[in-house]
Participant: 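Would you mind keeping the following structure in view while I ask a few things?
The analysis underlying the following values was restricted to heavy atoms, covering all of them including side chains, and did not include hydrogens, waters or symmetry mates. Every chain is numbered from 1, with letters handed out A, B, ... down the list of sequences.
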Amino acid sequence: MTPAPYRIRSRRPDRADTVTLTLEPVDGACPSFVPGQFTMLYAPGVGEIPISISGWFRPGGYVQTIRAVGAVSRALCHKRRGDVIGLRGPYGTGWDLSAAAGLDVVVAAGGLGLAPLRPVVRELTAHPSLYGRASVIVGARTPATVIYPQDLARWHDGHGIDVQVTVDHPDQAWTGPVGLVTHLLDRIVFEPRRTFAFVCGPDAMIKATAVELVRRGVDPRRTAVLLERNMKCGIGRCGHCQLGPLFVCLDGPVVTYDVAAPLLAVREL
Amino acid sequence: MAAFVLDSLEPLIAELRSRGFAVVGPVARGGVIRMEEISSAADLPRGARDEQTPGRYRLSTHDGDLMFDYAASPDSAKRFTQPPRQTLIRMRRGDIEEVEDEAPRLALLGIRPCDLAALAVQDRVFLGGRHPDPAYRRRREALFLVTVNCAVPGGTCFCVSMGTGPKATKGFDLALTELADPHRFVVEAGSEKGVDVLGALSQAAACDDDLAAAEEVSRIAAEHMGRQVDTEGIQQWLPQAHDSPRWSDVASRCLSCTNCTMVCPTCFCTTMEDSTSLSDGTAERVERWDSCFTLDFSELNGSPVRGSGEGRYRQWLTHKFATWYDQFGMSGCVGCGRCITWCPVGIDVTEELANLR
Ligand SMILES: Cc1cc2nc3c(=O)[nH]c(=O)nc-3n(C[C@H](O)[C@H](O)[C@H](O)COP(=O)(O)OP(=O)(O)OC[C@H]3O[C@@H](n4cnc5c(N)ncnc54)[C@H](O)[C@@H]3O)c2cc1C
Ligand code: SF4
Ligand code: SF4
Ligand code: FES
């Protein structure tokens with residue numbers, strides 16, 4: 001439960017309330033990670049929260065994107081280059097990319113859910129021949145809350161990935177689709193019985209997307225979802241992240257939908 | 001295992017103290033039995049008896065020499081193995097320091113067979129997984145456990161149903177059975193440490209009468225359980241009962257006060273408190289007991305996952321009796337009955353389970 005000191009190597013404001021930090025250990029090596037895993041980031045004197053790993057930089061450090069929603073996330077977003085924070089992890093299960101080999105890939109993100117999916121898309125762009133058709137669909141509240149807009153453009157323009165974005169509340173400049181992310185499934189091409197899906201967002205978005213994918217014939221065991229729960233420890237100690245029999249921090253956050261579906265179906269589990 | 005007879009606990013307490021243990025035993029204080037440091041057998045609650053029913057605990061004093069003629073007190077071993085508050089780290093400038101409190105050498109005298117079972121549950125929770133807790137291990141290894149087999153189960157006890165009592169079979173250094181007329185203790189060692197301590201005392205081998213009397217104490221106790229639970233198939237049927245109307249019935253009585261989780265010897269949930277010293281800017285993290293009955297326990301995206309009392313009561317009961325098996329391969333309940341006694345509105349888990357089934 002003791003964090004290691006990590007220095008903020010760079011800080012990039014992404015959006016009004018979102019900041020992407022690159023973090024490197026003050027001493028020693030940075031442990032490797034599997035996409036989908038998270039770390040516990042400690043803002044000294046304020047608190048510690050789970051944040052997904054969105055990338056890796058050489059020679060060794062994490063890229064993490066934080067939205068300021070409360071005391072701890074705000075404190076982390078306000079940190080400056082050179083500041084030292086605490087970090088534990090990486091923890092939890094990751095996305096099983098090897099299971100997607102040879103299949104069409106659908107990456108579906110709701111809002112900040114794109115953060116833990118970014119390394120998945122990086123893998124798709126790095127080894128396109130290993131996978132079938134690749135699509136990224138993103139739903140956000142407003143155009144201004146879409147994270148990684150440059151990445152989205154590059155994946156689309158430079159790597160031939162079908163990237164589609166929809167928003168709930170368009171602004172004047174918005175020309176794209178409006179509505180739920182599930183509607184974007186009509187706009188992309190994939191062969192449901194030969195598809196692996198990676199889904200991350202709020203519970204309601206996960207459920208709606210997974211239900212729609214499964215209805216179209218995608219195997220629930222090939223539908224990986226990243227669950228979010230209150231987490232105080234990340235290591236199966238504090239009890240907060242329980243979802244029925246699961247500790248989401250240990251058994252998740254990434255689980256396949258055949259595991260998640262019966263649990264998400266129970267109200268207030 | 002060879003059994004011996006002790007006429008008094010005084011030499012045992014003195015021996016443990018001479019070996020550097022602080023001896024913690026039951027004392028009557030403020031109308032309840034508490035586990036506190038004692039220096040002599042005179043501190044033990046001679047003649048004390050308890051009356052435990054849902055939502056009620058009364059202590060009374062009677063004639064006679066018996067010192068352990070009552071059941072589980074609100075203090076289990078949890079307070080000693082998992083302190084209610086512990087400082088984990090301090091951070092100043094860029095330096096992070098792990099706070100390693102020294103584990104006190106404690107001899108817990110008079111903890112009950114159900115409490116030993118609860119320690120086995122805690123061992124699984126804190127040491128059995130992928131992230132063993134070194135602080136727990138230090139505290140656990142510094143314990144010397146002297147259990148007392150129960151003679152008079154409380155009105156809320158159901159250890160027979162959970163297979164944890166009223167007689168201890170493992171997990172102790174020494175096990176005592178208290179006998180009357182004349183007042184004496186049959187003692188057995190359950191570990192090398194126990195054999196060693198016992199060897200340093202002058203004791204006599206227990207005769208057949210002593211052994212028969214001790215067996216009789218445990219036999220009678222087992223026949224006087226205050227409560228019972230049918231655990232058959234509970235891991236399967238309880239989670240499936242998630243839509244039962246019974247949950248809203250119990251929720252209409254439950255105050256979400258957290259008492260049941262606080263007195264539970266196996267509830268392990270915690271939260272963190274963070275602070276920064278105004279004098280030198282040192283940041284500190286403190287871990288403290290938490291409960292799934294609080295609203296912020298499951299807080300997510302602006303609202304709790306378990307916003308209703310129904311959802312929270314269901315979490316507690318289902319975790320304790322069913323999903324604990326999925327997580328740890330054993331029941332989270334040891335049948336001590338504390339949650340029933342200390343519930344201010346007298347909610348009885350055994351009754352709720354019987355009605356849910
Ligand atoms: C596995 C996992 C990965 C995550 N990855 C990221 C990430 O990459 N980037 C990121 O910005 N956030 C991520 N989160 C969410 C992040 O942990 C929360 O936003 C954070 O815990 C809020 O803490 P706080 O102290 O800032 O807010 P609090 O003061 O605790 O709460 C402030 C507000 O935020 C809400 N809130 C509390 N917990 C959460 C939560 N888990 N998610 C959303 N809102 C919450 C509260 O209900 C309240 O309205 C992740 C969560 C999990 C479980
Ligand atoms: S019953 Fe509640 S407080 Fe007790 S261990 Fe389970 S989740 Fe934690
Ligand atoms: S002790 Fe009783 S009232 Fe309090 S939270 Fe537990 S069941 Fe509810
Ligand atoms: S986050 Fe503490 S148990 Fe999972």
Participant: Once rounded to the nearest 0.5 Å, what's the spacing between atom OG1 of T271(B) and atom CG of N230(A)?
Facilitator: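 It comes to 7.5 Å.
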Participant: What parts of residues 123-138 of chain B touch chain A if we use heavy atoms and a cut-off under 4.5 Å?
Facilitator: F126(B), R130(B), H131(B), D133(B)
Participant: Within the 4.5 Å heavy-atom criterion, are V305(B) and R229(A) side-chain neighbours or not?
Facilitator: yes
Participant: Out of T318(B), T270(B), T276(B), return the one with the most heavy atom pairs under 4.5 angstrom to chain A.
Facilitator: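 Looking at each option in turn, the highest pair count goes to T270(B).
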Participant: CD1/I89(B) to CE/M1(A) distance, rounded to the nearest 0.5 angstrom?
Facilitator: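 One gets 9.5 Å once the value is rounded to the nearest 0.5 Å.
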Participant: Find the one option among R312(B), E284(B), E287(B) whose heavy-atom pairs under 4.5 Å with chain A are most numerous.
Facilitator: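 So the answer, after comparing R312(B), E284(B), E287(B), is E287(B).
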Participant: Counting a contact as any heavy-atom pair under 4.5 Å apart, which residues of residues 319-328 of chain B contact chain A?
Facilitator: H319(B), T323(B), D326(B), Q327(B), F328(B)
Participant: Roughly how far apart are C238(A) SG and M272(B) CE, rounded to 0.5 Å?
Facilitator: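 Reported value, rounded in 0.5 Å steps: 7.5 Å.
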Participant: Is it the case that over 12 heavy atoms from other parts of the model lie below 6.0 angstrom from the CZ atom of R288(B)?
Facilitator: yes
Participant: I'd like to know whether R314(B) forms a salt bridge (charged side-chain N to carboxylate O under 4.0 Å, His left out) with E268(A), so could you lay out the CA-CA distance, the side-chain angles of the two residues, the decisive distance to 0.1 Å, and finally the verdict.
Facilitator: CA-CA 9 Å; R314(B) 190 182 62 189; E268(A) 296 198 344; 5.7 Å; no
Participant: Pick one of side chain, backbone, both or neither for Q315(B), based on which atoms fall under 4.5 Å of a heavy atom in chain A.
Facilitator: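 Side chain only.
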Participant: Answer with side chain, backbone, both or neither: which region of R7(A) has an atom nearer than 4.5 Å to a non-hydrogen atom of chain B?
Facilitator: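 Contact with chain B is absent: no heavy atom of R7(A) under 4.5 Å.
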Participant: Please rank R285(B), H242(B), E273(B) by heavy-atom pairs under 4.5 Å with chain A and give me the top one.
Facilitator: R285(B)
Participant: With only heavy atoms counted, which part of L243(A) is less than 4.5 Å from chain B, the side chain, the backbone, both or neither?
Facilitator: neither
Participant: What heavy-atom pair brings G239(A) and C269(B) nearest, and what distance separates the two atoms?
Facilitator: CA-SG, 3.5 Å
Participant: Check each atom of S308(B) against the heavy atoms of chain A and say whether the ones under 4.5 Å are side chain, backbone, both or neither.
Facilitator: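 It is both, since atoms from each part get that close.
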Participant: Measuring heavy-atom distances to chain B, does A43(A) have an atom under 4.5 Å in its side chain, in its backbone, in both, or in neither?
Facilitator: neither
Participant: Heavy atoms only, distances under 4.5 angstrom: which of S277(B), A283(B), P304(B), G311(B) has the most pairs with chain A? Name it, please.
Facilitator: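 Most heavy-atom pairs within the cutoff with chain A belong to A283(B).
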Participant: Given that the side chain runs from C-beta out, which part of Y42(A) has a heavy atom under 4.5 Å from chain B: side chain, backbone, both or neither?
Facilitator: side chain
Participant: Heavy-atom pairs under 4.5 Å with chain B - which of G244(A), G86(A), C241(A) has more of them than the others?
Facilitator: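 Sorted descending by pairs with chain B, the first entry is G244(A).
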Participant: Counting a contact as any heavy-atom pair under 4.5 Å apart, which residues of residues 138-148 of chain A contact chain B?
Facilitator: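 Interface residues of residues 138-148 of chain A: none, nothing closer than 4.5 Å to chain B.
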Participant: Below 4.5 Å from any heavy atom of chain A, which atoms of D243(B) appear? Answer side chain, backbone, both or neither.
Facilitator: neither
Participant: Less than 4.5 Å apart, any side-chain heavy atom of N301(B) and any of E228(A)?
Facilitator: yes
Participant: Compare all side-chain heavy atoms of M91(B) with those of V84(A) and state whether any distance is below 4.5 angstrom.
Facilitator: yes
Participant: Of the listed residues (G45(A), A4(A), G47(A)), which shares the most heavy-atom pairs with chain B below a 4.5 Å separation?
Facilitator: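 It is G45(A).
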Participant: Nearest 0.5 Å please: distance from the OG1 atom of T294(B) over to the NE2 atom of H240(A).
Facilitator: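 Nearest 0.5 Å value for the OG1-NE2 distance: 6.5 Å.
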Participant: At a 4.5 Å cut-off on heavy atoms, which part of I85(A) comes close to chain B: side chain, backbone, both, or neither?
Facilitator: backbone
Participant: Step through the shown structure and confirm whether more than 12 heavy atoms of other residues, nucleotides or ligands are within 6.0 Å of CZ on R81(A).
Facilitator: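 No, CZ of R81(A) has 12 or fewer neighbouring heavy atoms, counting only those of other groups under 6.0 Å.
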Participant: P5(A) and G94(B): which non-hydrogen atoms are nearest, and at how many Å?
Facilitator: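 The pair with the smallest heavy-atom distance is CB-O, 3.5 Å.
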Participant: Measure distances from V26(A) to the heavy atoms of chain B and classify the residue's part below 4.5 Å as side chain, backbone, both or neither.
Facilitator: neither
Participant: Salt bridge (charged side-chain N to carboxylate O under 4.0 Å, His left out) with D14(A): which residues, sequence neighbours excluded?
Facilitator: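 If we apply the salt bridge (charged side-chain N to carboxylate O under 4.0 Å, His left out) test to D14(A), skipping adjacent residues, the hits are R12(A).
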